[in-house]
Amino acid sequence: MAKDHGGSPKLYQLESKRKRVTWIVGVSGLCIFFYVVGGWQNNGRRPTPSAEVYTRVGCDHDMSSSSISSSSVVPMDFESHHQLVVNNTKSLENFSPCEMLYSEYTPCQEPQRGRKFDRNMLKYRERHCPNKEEKEALRCLIPAPPNYKIPFKWPQSRDYAWFANIPHKELSIEKAVQNWVQVEGDRLRFPGGGTMFPHGADAYIDDISELVPLTSGTIRTAIDTGCGVASWGAYLLKRDIIAMSFAPRDTHEAQVWFALERGVPAMIGVMGSQRLPYPARAFDMAHCSRCLIPWSKYDGLYLIEVDRVLRPGGYWVLSGPPIRWKTYWRGWERSQEDLKKEQDSIEETARQLCWKKVIEKGDLSVWQKPLNHNKCIKNKSPFICKARNKADAAWYQDMEACITPLPEVTNSDEVAGGALEKWPERAFAIPPRISTGSIPSITVEKFKEDNQVWSERVSYYKRLIGLLPQGRYRNVMDANAYLGGFAAALLKYPVWVMNVVPAKNEPDTLGIIYERGFIGTYNDWCEAFSTYPRTYDLIHAGGLISLYQDRCDITYILLEMDRILRPEGTIIFRDGVEALVKIKSIADGMRWQCRIVDHESGPFNPEKILIAVKTYWTGEPKRE
């Protein structure tokens, strides 16, 4: 053992295979200390809650975990330093590539499975996941198409994508006049057009900006229903507005896939019979540009759902049928009577929702949700839902034909639920859901501590993953997002983050994430995520495997991550040693390159980090 007279202690790590603990043996001056960092309790199911178990011999030197900085401990190769047998090659399962016909597989939105379900209210386009008990779930690796290329970096990716990555020409033909997408040799070009803005989303957004305050920082989060290739969301980004764009997997093949390939936030989704997978009061603005959603049907049910996810004072922007029907009715191939009836129905539903019509100008019509329900309750109390505590419930939750009640206020000028700071101050301001105590387990102090923790973590990740500060990553997912601290710490990088909160998990924090000006969704990780294959560059999974290891086979979670991760993409797992070893034992059969390193605070912390990189490989081209 090396001697060291003062300064940082020398650390040596030994693994006890029989007792499944890691001992840190260290020397600092004349001090010898022993420290347990990886022991298990509770029948071996969980790591010890903190790294406080240590023994010191012959010294009074402070060896608490706080005294060891991340800079004093070089990240270690876990297997060589801990002498732990992570894998037994005899039991290793090697996952083969799936057939090429699964290259575009979307497990819970697969058209063939969807045809078995009711077409009423588009139920057949909602989530219908494979039954693992009946062995419907694939246990193989989804292949990239031959000649797959790493996507263009942002911002070039907004306008270009490789045709080999998404070999679909349908929209370039069907929407040629509207300039959605064009095929130019080996690449796809996105001119920024849309059905109601063939001359470009930029000019269209400028028109909206004359009616709605897009540049003041008041509007930060938006939702685009029926988004096409998400050009509206793409061009909002330069105005510091982030949009959650969604569309179903339907006859407009690959529209959401195009959006994600461009580096624009999007997910597969549909206005059907169930609530959208977002909390109440999430978005500052909602948008529909000829989105083909039947707003006038089902007693205004879809507008009622927009009202649920719209923030108090938020805006709904509508263009396309039936707006300006007197001018366009012939081109829309509908009768004037039919279009007038549809607009009258929308106007009446908006009135029942207590929305104010701000303006109708040109092809645009804008409504605004009230700041609170004081007047609405007096006038429409039978139309208000009775259950106040179910506003955020949105995972396989049926829509309700009643107004989701806003939090109570004392005066008519007060913003229900609390006012938000303007962007960018909003990102680190105390979210109202925390400051008002509506989530008792999360305090202001915890929120501030979480921000500090994530600042340190991302600084550490920069050392572990050299590509992070180089712009190599664009689409990022936090698979267990908690308060959105990871997204906040990444603000200075050219990335966007899909913050995923595990469905029906307590506390439900997705509303807090939206109040910070970030976007996200609910998901049960025992099921697939609503996206196409190869759509994310970086996935962060902190504590996710420990959370789900008793709920379902984690092999399927890892296979799902492999499906949505791009070739040469990265996954960061944070968990106890037992969970990480389990992950690695599976990942080694999945063409991932894995390494386990110490926590940023040093080897004393029982939580470790596994960095996994998906290797580049493609499926075999079809043989003639």
Side-chain angles (χ1 to χ4, degrees), residues 98 102-111 113-114 125-132 136-142 144 227 230 244-249 254-257 259-261 263-270 274-279 394-396 473-482 484 486-487 496-505 510 513 518-545 547-548 551-566 569-573 590 612 614:
C98 305
Y102 291 107
S103 181
E104 302 180 5
Y105 185 53
T106 53
C108 296
Q109 283 97 358
E110 194 60 19
R113 183 180 297 106
R125 285 183 177 155
E126 294 179 331
R127 287 175 57 89
H128 302 290
C129 301
N131 189 326
K132 294 184 179 68
E136 291 181 345
L138 297 180
R139 204 173 175 93
C140 53
L141 305 177
I142 302 298
C227 63
M244 174 68 81
S245 300
F246 75 84
R249 181 169 182 176
Q255 54 186 329
V256 166
W257 202 0
L260 287 158
E261 190 72 9
V264 179
M267 60 186 295
I268 302 172
V270 65
Q274 297 173 343
R275 284 180 169 182
L276 300 173
Y278 316 118
W395 187 247
Y396 293 124
Y473 305 126
R474 172 60 184 170
N475 300 356
V476 178
M477 174 184 287
D478 190 347
N480 188 14
Y482 188 44
F486 185 44
W496 64 271
V497 180
M498 179 69 77
N499 294 280
V500 183
V501 170
K504 298 183 178 179
N505 205 52
L510 192 54
I513 290 169
F518 305 124
I519 60 170
T521 185
Y522 297 107
N523 192 64
D524 180 349
W525 283 107
C526 291
E527 301 178 359
F529 190 75
S530 295
T531 192
Y532 283 86
R534 303 174 296 281
T535 45
Y536 285 87
D537 302 294
L538 174 64
I539 300 173
H540 190 280
L544 187 75
I545 301 305
L547 183 64
Y548 278 93
R551 302 183 188 181
C552 54
D553 184 350
I554 68 166
T555 300
Y556 288 106
I557 298 177
L558 300 184
L559 287 170
E560 172 61 5
M561 289 182 172
D562 182 82
R563 183 186 74 89
I564 67 180
L565 192 66
R566 288 171 171 165
T570 302
I571 307 179
I572 304 174
F573 294 95
M590 295 174 60
K614 179 178 176 178

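Worth knowing before you read on, the calculation uses all heavy atoms, side chains too, and leaves out hydrogens, waters and symmetry mates.
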Novice: What's the shortest heavy-atom distance between Trp525 and Ile557, and which atoms?
Specialist: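 Distance-wise, the nearest heavy atoms are O-CG1, 3.1 Å.
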Novice: If I compare all heavy atoms of Pro130 with all of Ala137, which pair ends up nearest, and what's the gap?
Specialist: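 Closest heavy-atom pair between Pro130 and Ala137: CB-N, 3.9 Å.
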Novice: For Arg474, enumerate each residue passing the salt bridge (charged side-chain N to carboxylate O under 4.0 Å, His left out) test, keeping only those at least two apart in sequence or located in another chain.
Specialist: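 Scan of Arg474 (salt bridge (charged side-chain N to carboxylate O under 4.0 Å, His left out), adjacent residues dropped) gives none.
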Novice: Quick one, Asp524 and Tyr548 - any side-chain contact, counting heavy atoms below 4.5 Å?
Specialist: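 A side-chain contact under 4.5 Å exists here.
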Novice: Check whether Arg139 reaches the backbone of Leu559 with its side chain - one donor and one acceptor, N or O, closer than 3.5 Å.
Specialist: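 Flag not set: sc Arg139 to bb Leu559 has no pair under 3.5 Å.
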Novice: To the nearest 0.5 Å, what is the distance between OH (Tyr556) and SG (Cys526)?
Specialist: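 One finds 12.0 Å between OH of Tyr556 and SG of Cys526.
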Novice: Evaluate whether atom OH of Tyr102 has more than 12 neighbouring non-hydrogen atoms of other residues, nucleotides or ligands under 6.0 angstrom away.
Specialist: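 No, OH of Tyr102 has 12 or fewer neighbouring heavy atoms, counting only those of other groups under 6.0 Å.
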Novice: Do the side chain of Asn475 and the main chain of Thr535 share a donor and acceptor less than 3.5 angstrom apart?
Specialist: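 Looks like yes, one N/O pair under 3.5 Å.
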Novice: For the pair Arg127 and Tyr396, evaluate side-chain contact (heavy atoms from CB on, under 4.5 Å) and give the outcome as yes or no after the intermediate values.
Specialist: CA-CA 9 Å; Arg127 287 175 57 89; Tyr396 293 124; 3.1 Å; yes
Novice: Hey, is Arg249 close enough to Glu110 for a salt bridge, meaning N to O under 4.0 Å?
Specialist: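 Yes.
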Novice: Answer yes or no: is there a side-chain heavy-atom contact under 4.5 Å between Ser530 and Phe246?
Specialist: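 No; the side chains remain at least 4.5 Å from each other.
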Novice: Among Ile142, Leu141, Ile571, whose side chain to side chain contact (heavy atoms under 4.5 Å, CB included) with Asp562 holds?
Specialist: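 The side chain to side chain contact (heavy atoms under 4.5 Å, CB included) with Asp562 is passed solely by Leu141 among Ile142, Leu141, Ile571.
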Novice: Let me confirm one number: the SG-CZ distance from Cys129 to Arg113, rounded to the nearest 0.5 Å.
Specialist: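 Between Cys129 SG and Arg113 CZ, I get 7.5 Å after rounding to 0.5 Å.
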Novice: Evaluate side-chain contact (heavy atoms from CB on, under 4.5 Å) for Met477 paired with Ile564, printing each intermediate quantity in order.
Specialist: CA-CA 10 Å; Met477 174 184 287; Ile564 67 180; 3.9 Å; yes
Novice: What's the shortest heavy-atom distance between Pro277 and Leu510, and which atoms?
Specialist: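 Closest approach of Pro277 to Leu510: O-CD2, 4.3 Å.
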Novice: Where the side chain of Trp257 meets the backbone of Glu104, is there a donor-acceptor pair that is under 3.5 Å apart?
Specialist: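 Such a contact is absent between Trp257 side chain and Glu104 backbone.
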Novice: Would you say that Ser103 contacts Arg534 through its side chain, given a criterion of any heavy-atom pair below 4.5 Å between the two side chains?
Specialist: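 Heavy-atom side-chain distance check passes, below 4.5 Å.
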Novice: Taking all non-hydrogen atoms of both residues into account, name the closest pair between Ala528 and Asn523 and its distance.
Specialist: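 Distance-wise, the nearest heavy atoms are O-OD1, 3.4 Å.
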Novice: Checking Gln274 side chain against Glu126 main chain: does a donor-acceptor pair fall under 3.5 Å?
Specialist: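 Not a single qualifying donor-acceptor pair exists.
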Novice: Please report the closest heavy-atom contact between Cys108 and Glu527, naming both atoms and the distance.
Specialist: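 Smallest interatomic distance, heavy atoms only, reads SG-CB, 4.4 Å.
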Novice: Please name all residues satisfying side-chain hydrogen bond (donor to acceptor under 3.5 Å, both in side chains) with Glu560, sequence neighbours left out, ordered by chain then number.
Specialist: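 Result, side-chain hydrogen bond (donor to acceptor under 3.5 Å, both in side chains) vs Glu560: Arg563.
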Novice: How close do Ala481 and Ile513 get, heavy atom to heavy atom, and via which atoms?
Specialist: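 Reported closest heavy-atom pair: CB-CD1, 3.7 Å.
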Novice: How many angstroms lie between OG1 in Thr570 and NE2 in His540, if you round to the nearest 0.5 Å?
Specialist: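 Spacing of OG1 (Thr570) from NE2 (His540) equals 12.0 Å.
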Novice: May I ask you to decide if Ile519's main-chain N or O and Asn499's side chain share a donor-acceptor pair within less than 3.5 Å?
Specialist: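 Yes.
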Novice: Tell me which one of Tyr473, Tyr536, Phe518 satisfies ring pair (Phe, Tyr, Trp, His ring centres under 6.0 Å) with Trp496.
Specialist: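 The option that passes is Tyr536.
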Novice: Between atom CZ of Phe529 and atom CE of Met267, what is the distance when rounded to the nearest 0.5 Å?
Specialist: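 Result: 4.5 Å between the selected atoms.
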Novice: Give, for atom CZ of Phe486 and atom CG of Asn480, the distance between the pair rounded to the nearest 0.5 Å.
Specialist: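 Atom-to-atom, Phe486:CZ and Asn480:CG are 12.5 Å apart.
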Novice: Check step by step if side-chain contact (heavy atoms from CB on, under 4.5 Å) holds for Thr521 and Tyr278.
Specialist: CA-CA 5 Å; Thr521 185; Tyr278 316 118; 3.9 Å; yes
Novice: Who pairs with Asp537 by side-chain hydrogen bond (donor to acceptor under 3.5 Å, both in side chains), at least two apart in sequence or on another chain?
Specialist: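 Here the qualifying residues are Arg566.
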Novice: With a 4.5 Å heavy-atom cut-off, do Met498 and Met244 have their side chains touching?
Specialist: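 Yes - at least one pair of side-chain heavy atoms lies under 4.5 Å apart.
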Novice: Would you give the length of the straight line joining atom OH of Tyr522 to atom CZ of Arg275, rounded to the nearest 0.5 angstrom?
Specialist: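 Between Tyr522 OH and Arg275 CZ, I get 10.0 Å after rounding to 0.5 Å.
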